[in-house]
Amino acid sequence: MKIAIIDGYVDEPACFGVPPYISPYIRYIAGALVERGIGRDNISYFTIDGIRNSKKEDLALLGRADLVVILSGMTVPGKYLRSSPITLKEIEYLCRTAAGVKVIGGPIRLGYSSEGGMAASTLEMADENVFVARQDIEAFVHDIIAPGPCIGDPDNVEHRMRTVGEIGRWADKGAFIIRQHPDFPNIMCEMETYRGCGRDTHCSFCTEFFYGPSTYRSVEDVVAEAASLYKEGALYFRLGRQPDLFTYHAVDLGDSLPRPNPQALESLYSGIRKVAPGLEVLHMDNANPATIATYPDECSKIMKTILKYHTPGDVAAMGMESADPAVIRANNLKAMPDDVFEAVKLMNEIGSIRGENGLSHLLPGLNFVHGLAGETKKTFGLNYDFLKNIF
Ligand code: SF4
């Protein structure tokens, strides 16, 4: 049985998978297939850019595949330098070209738009051989492979979320797929530490709450995944699939923000360094400035841990979104400007020292969103003044 995985790319508030990044979902799908008895040689991986540039003979492989899995979904308004996410027309074309069963999933299950930030419409496909995974695509793909292995009846497969235990196994079994990426070995492996936002209220624009409460992967599983990827030749890693790295395995004390757990970060980073001693890049993404402002002692320890084990040139993306208090309140945003200022100050104090490659170790990055509810002419001025104040 031949299976093709097509990477139409993903970009979510807490996960990135546009080249040179490869999202964890691709590796989970490949691992789920292997676990169901599909041989590695029968699993082919294509990026949508690779397909656009491919010859007719290569496309014939897609036509012959028994199962074509298409991953897609942009839920934030990203702009990409050298890659373009899959379009709806391309999905329809690929579904017509491939004779076998087609499964489409990933964040696109929440709706399709040509880019994040635009109104999304529900993805409906008229072809009876096309199935949209309404929950986790990796779980759906796993469950439609029946013993044999062969493809079972997708109509009888329950749409469900995967468990952390499953992705622990699938991440390990699916690491081999990175070697088929057209940019390999120059790819950044996006790694998941947890998903689901730990706040008790959520930002108006964000899709992370669809994943439910925070479900943390164990340190052992993430480290084992890094080891598997490293054995396959991965050298570039980013701890990017989580809403806030500073709350990895945080303790929920019933407050609006869980208390960070510095020991968990120490175990995680030291473990990755131990299993991948020759890695070239170990970076992070996503830090909630409110966590840093609320728990400066714990977060200072975590920053020092990051500096000890990561590679310089690291950026903690802080989703500030707006410096206008009215907009912050109207959209349930995570932090007031004073909190963000304190978080930026603390990270600059600890992280701005230069590393061996001449870059600062760890700097705050600030994300702003334009177009939020409640914005007025004053909003831009408040954002600008905030940035001038930092400068
Ligand atoms: S803090 Fe806001 S933007 Fe970040 S994951 Fe939670 S809801 Fe999304």
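Treat the numbers as computed from the prediction; the structure is a model and nothing was measured. Residue numbers count from 1 along this sequence.
Ring pair Tyr230/Phe237 is tilted by interplanar angle, where 30° to 60° counts as tilted. Classification of the Phe386-Phe341 ring pair by plane angle, with boundaries at 30° and 60°, yields perpendicular.
Using a 4.5 Å heavy-atom cutoff, the side chains of Leu346 and Met303 are in contact. Side-chain contact check for Trp170 versus Arg27: every heavy-atom pair is 4.5 Å or farther apart. Using a 4.5 Å heavy-atom threshold, the side chains of Ile145 and Ile38 count as touching. Ile177 places none of its side-chain heavy atoms less than 4.5 Å from the side chain of Ile29. Looking at heavy atoms from C-beta onward, Pro19 lies in side-chain contact with Arg82 at the 4.5 angstrom threshold. For the pair Met347 and Met318, the minimum side-chain heavy-atom distance is below 4.5 Å. Counting heavy atoms from C-beta on, the side chains of Ser322 and Phe368 never come closer than 4.5 Å. Counting only heavy atoms from C-beta outward, the side chains of Ile43 and Val34 approach each other to under 4.5 Å.
A donor-acceptor pair under 3.5 Å is absent between the side-chain atoms of Arg259 and the main chain of Glu298, judged by distance alone. With hydrogens and angles ignored, the 3.5 Å screen pairs a side-chain donor or acceptor of Asp66 with a backbone N or O of Lys2. At distances below 3.5 Å, at least one donor-acceptor pair connects side-chain atoms of Ser214 with backbone N or O atoms of Gly196. Proximity of a side-chain donor or acceptor of Glu90 to a complementary backbone N or O of Thr87 within less than 3.5 Å is detected. With hydrogens and angles ignored, the 3.5 Å screen pairs a side-chain donor or acceptor of His159 with a backbone N or O of Arg134. At distances below 3.5 Å, at least one donor-acceptor pair connects side-chain atoms of Ser352 with backbone N or O atoms of Asn348. Using modelled atom types, no side-chain atom of Asn186 and backbone atom of Pro20 make a donor-acceptor pair closer than 3.5 Å. Distance alone, capped at 3.5 Å, places no donor-acceptor pair between the Glu342 side chain and the Asp339 backbone. Under the 3.5 Å distance criterion, the side-chain polar atoms of Lys102 are matched with a main-chain donor or acceptor of Gly100. With hydrogens and angles ignored, the 3.5 Å screen pairs a side-chain donor or acceptor of Asn383 with a backbone N or O of Ala323.
Side-chain contact check for Tyr194 and Thr247: at least one donor-acceptor pair (N or O, by modelled atom type) lies under 3.5 Å. A donor-acceptor contact closer than 3.5 angstrom is absent between the side chains of Asn288 and Lys334. The closest side-chain donor-acceptor pair between Asp244 and Thr291 falls under 3.5 angstrom. In summary, the side chains of Tyr216 and Gln242 do not present any donor paired with an acceptor at a separation below 3.5 Å, with no hydrogens or angles considered. Glu232 and Ser228 share no side-chain donor-acceptor pair at under 3.5 Å.
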Can you give the donor-acceptor pairs under 3.5 Å from side chains of residues 5-13 to other protein atoms, not counting sequence neighbours?
residue : atom : partner : partner atom : Å
Asp7    : OD1  : Tyr9    : N            : 2.9
Asp7    : OD2  : Tyr45   : OH           : 2.6
Tyr9    : OH   : Asp49   : N            : 3.4
Tyr9    : OH   : Asp49   : OD2          : 2.6
Asp11   : OD2  : Tyr80   : OH           : 2.6
Glu12   : OE1  : Tyr211  : OH           : 2.6
Glu12   : OE2  : Tyr25   : OH           : 2.5

Enumerate, atom names and distances included, each donor-acceptor pair closer than 3.5 Å involving a side-chain atom of residues 276-283, sequence neighbours excluded.
residue : atom : partner : partner atom : Å
His283  : NE2  : Thr311  : O            : 3.1
His283  : NE2  : Thr311  : OG1          : 3.3
His283  : NE2  : Pro312  : O            : 3.2

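Cluster membership check: Leu387 shares its hydrophobic cluster with Val344, using side-chain heavy-atom separations under 4.5 Å among Ile, Leu, Val, Met, Phe, Trp and Tyr. Using a 4.5 Å cut-off between side-chain heavy atoms of Ile, Leu, Val, Met, Phe, Trp and Tyr, with links allowed through other members, Tyr295 and Ile350 fall into different hydrophobic clusters. Taking hydrophobic clusters as Ile, Leu, Val, Met, Phe, Trp and Tyr residues chained together by side-chain heavy-atom distances below 4.5 Å, Ile306 does not share a cluster with Val315. Phe205 and Phe380 fall into different hydrophobic clusters, where Ile, Leu, Val, Met, Phe, Trp and Tyr residues are linked whenever their side-chain heavy atoms come under 4.5 Å apart, directly or through other members.
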Walk me through it: do Glu166 and Tyr28 pass the test side-chain hydrogen bond (donor to acceptor under 3.5 Å, both in side chains)? CA-CA 9 Å; Glu166 284 176 327; Tyr28 298 160; over 6 Å; no
Would Val369 and Asn367 count as a side-chain contact (heavy atoms from CB on, under 4.5 Å) if you check the C-alpha gap in whole Å, the side-chain angles of each, and the deciding distance to 0.1 Å? CA-CA 7 Å; Val369 174; Asn367 295 341; 5.9 Å; no
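Atom CG of Asp172 sits about 10.0 Å away from atom CD of Glu35, to the nearest 0.5 Å.
Nearest approach of Pro243 to Cys197, heavy atoms of both residues: CG-CA, 3.9 Å. Minimum heavy-atom separation, Gly106 to Leu71: CA-CD1, 3.7 Å. Minimum interatomic distance between Asn129 and Ala99 (heavy atoms only, all atoms of both residues): ND2-O, 3.7 Å. What you find for Ile104 and Cys95 is that their closest heavy atoms are CD1-SG, 4.1 Å.
Counting non-hydrogen atoms of neighbouring residues, nucleotides and ligands closer than 6.0 angstrom, the NZ atom of Lys301 reaches no more than 12 such neighbours.
Note on residues 190-219: pairs passing salt bridge (Lys or Arg N to Asp or Glu O under 4.0 Å), not counting sequence neighbours, are Asp136-Arg195, Arg162-Glu192, Glu190-Arg238, Glu208-Arg241, Arg217-Glu225.
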